[in-house]
Engineer: 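Got a structure for you, written out below as structure tokens; questions coming shortly.
A, B, ... follow the sequence lines: proteins, then strands. Residue 1 opens every chain.
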2 protein chains.
Amino acid sequence: MRADAQKNYEKLLEVAQQVIAEVGAEASLRDIARRAKVGLGTLYRHFPTREALLEALLRTHFEALAAKADTLQRASASDQALVAWLQEIIEFTYRQRGILAPMMSAIEDESSALHDACVRLRSSGAALLARAQKDQKARRDLDGDALFDLIAALAWLREQPSHQVRAERIFQLITGAILMEAATAS
Amino acid sequence: MRADAQKNYEKLLEVAQQVIAEVGAEASLRDIARRAKVGLGTLYRHFPTREALLEALLRTHFEALAAKADTLQRASASDQALVAWLQEIIEFTYRQRGILAPMMSAIEDESSALHDACVRLRSSGAALLARAQKDQKARRDLDGDALFDLIAALAWLREQPSHQVRAERIFQLITGAILMEAATAS
DNA sequence: ACCTGAACACCGTTCAAGT
DNA sequence: ACCTGAACACCGTTCAAGT
């Protein structure tokens with residue numbers, strides 16, 4: 001990549017990070033280009049779709065979550081590992097308002113730039129769930145897909161202002177429904 | 001209301017019904033006015049906000065849901081009444097794609113045209129929940145607000161194409177978490 | 001190679017001008 | 001009273017023209 005292109009790329013990511021933190025993932029791409037002092041076409045050259053921009057922006061976060069799942073898988077009791085990871089991923093998506101809708105479409109759309117990241121998250125979750133199930137700590141009638149749905153629902157709720165005060169309670173209700181009774185006694 | 005105004009009003013509702021069924025609640029207002037063969041200002045005169053249009057469009061549905069809750073309250077076992085009503089409301093919102101986001105903001109925003117309808121739904125749910133709790137059939141650590149959150153989460157999930165195949169399973173998981181174990185034995 | 005911004009086809013919202 | 005549509009301030013996306 002040419003030096004000027006590299007600079008534009010980085011400036012765009014930096015500004016996009018800010019703008020999306022301010023107004024959410026539906027932020028105006030025009031506005032991002034403007035604030036990065038870059039032509040609109042330059043933004044489209046580096047990031048052909050909004051999903052490509054989001055993916056570049058969140059790549060390190062996605063990787064960190066996958067790594068975290070591996071660590072928990074080895075370091076913690078299976079039920080606690082699952083719950084802790086759910087908490088992590090929901091906190092992450094909460095910090096990236098508006099990321100949930102694109103993630104839910106991406107998981108089905110193999111051409112989406114976010115597809116791979118979502119699939120990786122889903123399989124991290126599936127692995128944690130599988131271990132908890134083997135330990136008799138989680139219901140066996142769930143799979144990684146169902147877990148992903150539940151995460152998405154919790155994460156979407158978390159985005160809703162009216163839900164804030166009940167976030168913790170609802171999280172426990174759902175995780176309680178995933179885990180088996182015996183797990184709470186440990 | 002003048003005869004021509006009345007006619008425009010009805011034509012707008014009719015067209016809006018169609019367009020929203022096709023593309024969801026975020027449909028272009030411009031497009032609705034165009035297809036109703038009415039000036040854009042006329043749409044704004046009759047429906048000053050998108051929420052006002054949605055409210056007019058869904059008023060009868062909202063009332064039917066409240067009435068259904070009353071019927072179930074009297075006619076069915078408390079746990080079955082609650083589950084049946086949850087199913088109804090989720091089916092309803094599913095038919096009105098995109099209605100969930102405005103409903104979730106409306107419940108907190110007293111100035112929203114959808115506010116009253118949402119509050120009414122929430123209290124219908126709260127009444128059903130209260131009876132089930134009195135019968136020892138539902139967890140006592142939930143209230144109408146929490147139930148509304150859970151309904152919203154389920155209804156939002158239902159809008160997601162990737163979730164379709166698991167809709168029934170996740171619905172049962174959540175309702176199972178609301179109801180107490182004894183209830184499933186009845 | 002890469003950048004730029006005008007151009008196009010859309011929005012939501014307001015409001016002067018018409019009947 | 002009510003209706004109309006132009007006007008304004010925005011979008012996303014593409015692409016000819018520039019360096």
Side-chain angles (χ1 to χ4, degrees), chain A residues 1-57 97-99 101-103 105-106 109 111-114, chain B residues 1-57 97-99 101-103 105-106 109 111-114:
Chain A
M1 186 143 44
R2 233 166 59 178
D4 56 343
Q6 181 74 35
K7 227 185 112 188
N8 282 336
Y9 180 87
E10 281 157 15
K11 182 69 179 167
L12 277 166
L13 275 187
E14 180 197 325
V15 170
Q17 187 83 261
Q18 277 173 37
V19 177
I20 284 175
E22 283 171 28
V23 305
E26 318 85 348
S28 157
L29 298 177
R30 234 193 180 81
D31 191 36
I32 291 171
R34 216 155 26 207
R35 285 168 62 168
K37 290 183 172 118
V38 147
L40 192 42
T42 304
L43 187 152
Y44 273 92
R45 157 171 281 266
H46 287 299
F47 309 105
T49 63
R50 182 184 295 275
E51 286 71 35
L53 175 59
L54 291 174
E55 197 277 333
L57 220 51
R97 260 184 303 153
I99 192 71
M103 280 179 68
S105 358
D109 176 9
S111 71
S112 166
L114 279 170
Chain B
M1 186 144 41
R2 233 165 60 177
D4 55 343
Q6 181 75 34
K7 228 185 109 186
N8 282 335
Y9 180 88
E10 280 156 15
K11 183 69 178 165
L12 277 166
L13 274 187
E14 182 196 323
V15 171
Q17 187 82 262
Q18 278 174 35
V19 177
I20 284 174
E22 285 171 28
V23 304
E26 319 84 349
S28 157
L29 299 177
R30 235 195 180 79
D31 191 36
I32 291 171
R34 215 156 25 208
R35 286 167 62 166
K37 290 181 172 122
V38 146
L40 192 43
T42 303
L43 187 151
Y44 274 92
R45 156 170 283 265
H46 287 299
F47 309 105
T49 63
R50 182 183 295 274
E51 286 72 35
L53 175 60
L54 292 173
E55 197 277 331
L57 221 51
R97 260 183 305 155
I99 192 71
M103 280 179 67
S105 357
D109 176 8
S111 71
S112 166
L114 279 170

Engineer: Considering every strand shown, what is the Watson-Crick or G-U wobble mate of dA9(D) when both distances are under 3.5 Å?
Structural biologist: none
Engineer: Say whether, by atom type as modelled, one donor and one acceptor occur between the side chain of Arg97(B) and the main chain of Ala21(B) under 3.5 angstrom.
Structural biologist: yes
Engineer: Find the partner of dA16(D): check Watson-Crick (N1-N3 plus N6-O4 or O6-N4) and G-U wobble (N1-O2, O6-N3) distances, both under 3.5 Å, and reply none if neither fits.
Structural biologist: dT4(C)
Engineer: Thinking salt bridges, do Asp4(A) and Lys7(A) make one under a 4.0 Å N-O criterion?
Structural biologist: no
Engineer: Can you tell me if the side-chain N/O atoms of His46(A) get under 4.0 Å from OP1 or OP2 in dC3(C)?
Structural biologist: yes
Engineer: Go through Gln18(A) and Glu22(A) one step at a time and tell me if the side chain to side chain donor-acceptor pair (under 3.5 Å) criterion holds.
Structural biologist: CA-CA 6 Å; Gln18(A) 277 173 37; Glu22(A) 283 171 28; over 6 Å; no
Engineer: Does dC2(D) have OP1 or OP2 under 4.0 Å away from a side-chain N or O of Asn8(B)?
Structural biologist: no
Engineer: Using whole Å, what does the distance between atom P of nucleotide dC3(D) and atom CZ of Phe47(B) come to?
Structural biologist: 11 Å
Engineer: Without decimals, in angstroms, what is the distance between Arg45(B) CZ and dC2(D) C1'?
Structural biologist: 5 Å
Engineer: Hey, could you give me the CD1/NZ distance between Ile32(A) and Lys11(A), rounded to the nearest 0.5 Å?
Structural biologist: 12.5 Å
Engineer: Please report the distance, rounded to the nearest Å, between NZ in Lys7(B) and P in dC3(D).
Structural biologist: 11 Å
Engineer: Give the rounded distance in Å between these two atoms: CG of Asp4(B) and C1' of dT4(D).
Structural biologist: 13 Å
Engineer: Find the distance between CD (Glu51(A)) and CD1 (Ile99(A)) and round it off to the nearest 0.5 Å.
Structural biologist: 8.5 Å
Engineer: Given Asn8(B), which partner from the list Val38(B), Leu43(B), Leu13(B) fulfils the side-chain contact (heavy atoms from CB on, under 4.5 Å) test?
Structural biologist: Val38(B)
Engineer: Give the B/S/- string for nucleotides 7-19 of chain C, one per nucleotide from 5' to 3', where a protein heavy atom under 4.0 Å of the base yields B, of only the sugar-phosphate yields S, and otherwise -.
Structural biologist: B---BBBBB----
